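Everything quoted here is computed from the prediction, not taken from an experiment.
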Amino acid sequence: MKRYLLSFSLLLLLCGQCAKKMLPPSPDRFPPRIVEVNARSRVQVELVFDEEIDPARFAPESLNITGLRIRGISMGRDRMRVLVWTEPQTSQRYLLQGLVWDMAGNAGRFRTGFLGSTRIDTISPRVVSVLPAPGSANLWRGTRIIVRFSEPVDTTLPLNYLIVPAEFETLFHRVWEPNWQEVHFVCRDSIGPGQVFYFLLLPGFQDLEGNIGLTPAWTFWTTDSVFNGVLVKGKTDVPSGVVFFEQEKTKAVAPILVDGSFEVKVPAGVYSVFGVSDTNSDGFVDLISSPVEFNTALESLKLIMVTESIPKRFNDYRH
């Protein structure tokens, strides 16, 4: 009996050692499958898969919809969902074909149909993030401004933006991501120390349905190791626009928010400050305030807007 127990123990020990040397379970080798297609509006189709899709491999050219041009692709609320942005659909059957990859690298081809939608999207696009974060420091080489929208926007239309100081604006090269939901402004050169930058993307961008974005994108940074400045707050009597701060050494811009407020961090000193506003979103300023001399030692300032006699574009107000 003792000999039997000893043999059984040795057998268990050997099996345990063999188990340690066995290969781990096989990785995922199953291709992703499409399980649902929903035309959510006449310019948006949602694809739902049975597992997570690799967004890095998913590109517009990997899909085809017979008789319908694809204008962009973005991820849905999770990685099992993909949003396909199209030209306006009609109430007819469309054939959808494509190729996707899961997170394990398995490729899956699919072919299915869906009924086009005639529902018009009325939701305006929004700015959901902007980099670098406001107040960033030590950015003097390879600076990249990244603006991300809540949905793809119409890249055929110009973006109305300001990079201050204006003389550096030509150093930034604009690049759209393939999903049309993110735009990068890449600096082509290194910039020396002692420089403060401000970036403002104005409202007016449009989604693929023509809805106008009403939120600005704004940030500021310095090439120095620390952003030394004073936070200035102010108020206007209009719900949108731009406030310019100007002095010999520093120029800055800040957006006017929907409640008429604005704030900006600038190096301490005395500035000439004025505001401009485009109330009908045609790209031309129709309201302007008189310049005010403002010392950052004060707590806040108030700007009163009046009608601009000769409307000009925002860029024309930079000195």
Hey, does the side chain of [X] reach the backbone of [Y] with a donor-acceptor pair shorter than 3.5 angstrom?
X	Y	answer
Gln247	Val270	yes
Gln206	Ile212	no
Ser150	Arg126	yes
Thr215	Val127	yes
Glu169	Ile163	yes

For a quick test of reading the model, state the closest non-hydrogen atom pair linking [X] to [Y] and the distance between them.
X	Y	answer
Gly67	Tyr94	O-CE2, 4.2 Å
Pro31	Ala107	CB-O, 3.2 Å
Thr219	Pro132	OG1-O, 2.5 Å
Leu287	Met305	CB-CB, 4.1 Å
Leu208	Arg71	O-NH1, 3.5 Å
Glu36	Asn38	OE2-ND2, 2.9 Å

ask   = Does Lys312 make a cation-pi contact with Tyr317 (under 6.0 Å, within 45 degrees of the axis)?
value = yes
task = Report yes or no: is the cationic atom of Arg313 (NZ for Lys, CZ for Arg) closer than 6.0 Å to the six-membered ring centre of Phe284, at no more than 45° off its axis?
result = yes
Any side-chain donor near an acceptor of the partner, [X] and [Y], under 3.5 Å:
X	Y	answer
Asn138	Ser225	no
Trp140	Ser190	no
Gln195	Thr223	no
Gln97	Arg111	yes

Verdict with supporting geometry, Asp224 and Val226, side-chain contact (heavy atoms from CB on, under 4.5 Å) = CA-CA 5 Å; Asp224 285 339; Val226 178; 5.9 Å; no
Other residues, nucleotides, ligands: >12 heavy atoms within 6.0 Å of [X] [atom1]:
X	atom1	value
Ile310	CD1	no
Lys233	NZ	no
Ile304	CD1	yes
Glu293	CD	no
Glu248	CD	no
Arg174	CZ	yes

Between [atom1] of [X] and [atom2] of [Y], what distance do you get to the nearest 0.5 Å?
X	Y	atom1	atom2	answer
Phe205	Ser124	CZ	OG	8.5 Å
Leu202	Asn315	CG	CG	9.0 Å
Phe274	Phe244	CZ	CZ	5.5 Å

ask   = Can you get from Leu214 to Val183 by hopping between Ile, Leu, Val, Met, Phe, Trp and Tyr side chains that sit under 4.5 Å apart?
value =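 No, no single cluster joins them.
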key: Ion pair check, Glu209 and Arg42, cut-off under 4.0 Å   =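 Salt bridge between Glu209 and Arg42, a charged N being under 4.0 Å from a carboxylate O: yes.
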ask   = Between Glu182 and Arg148, is there a side-chain N and carboxylate O pair less than 4.0 Å apart?
value =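 Result for this pair is yes, salt bridge flagged.
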message = I need the single residue from Phe227, Phe197, Phe199 that forms a ring-ring contact (aromatic ring centres under 6.0 Å, His included) with Trp221. Which is it?
response =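 One option only clears the test, and that one is Phe197.
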Worked verdict on Phe110 versus Phe49 for ring pair (Phe, Tyr, Trp, His ring centres under 6.0 Å) = CA-CA 10 Å; Phe110 59 89; Phe49 295 88; 5.7 Å; yes
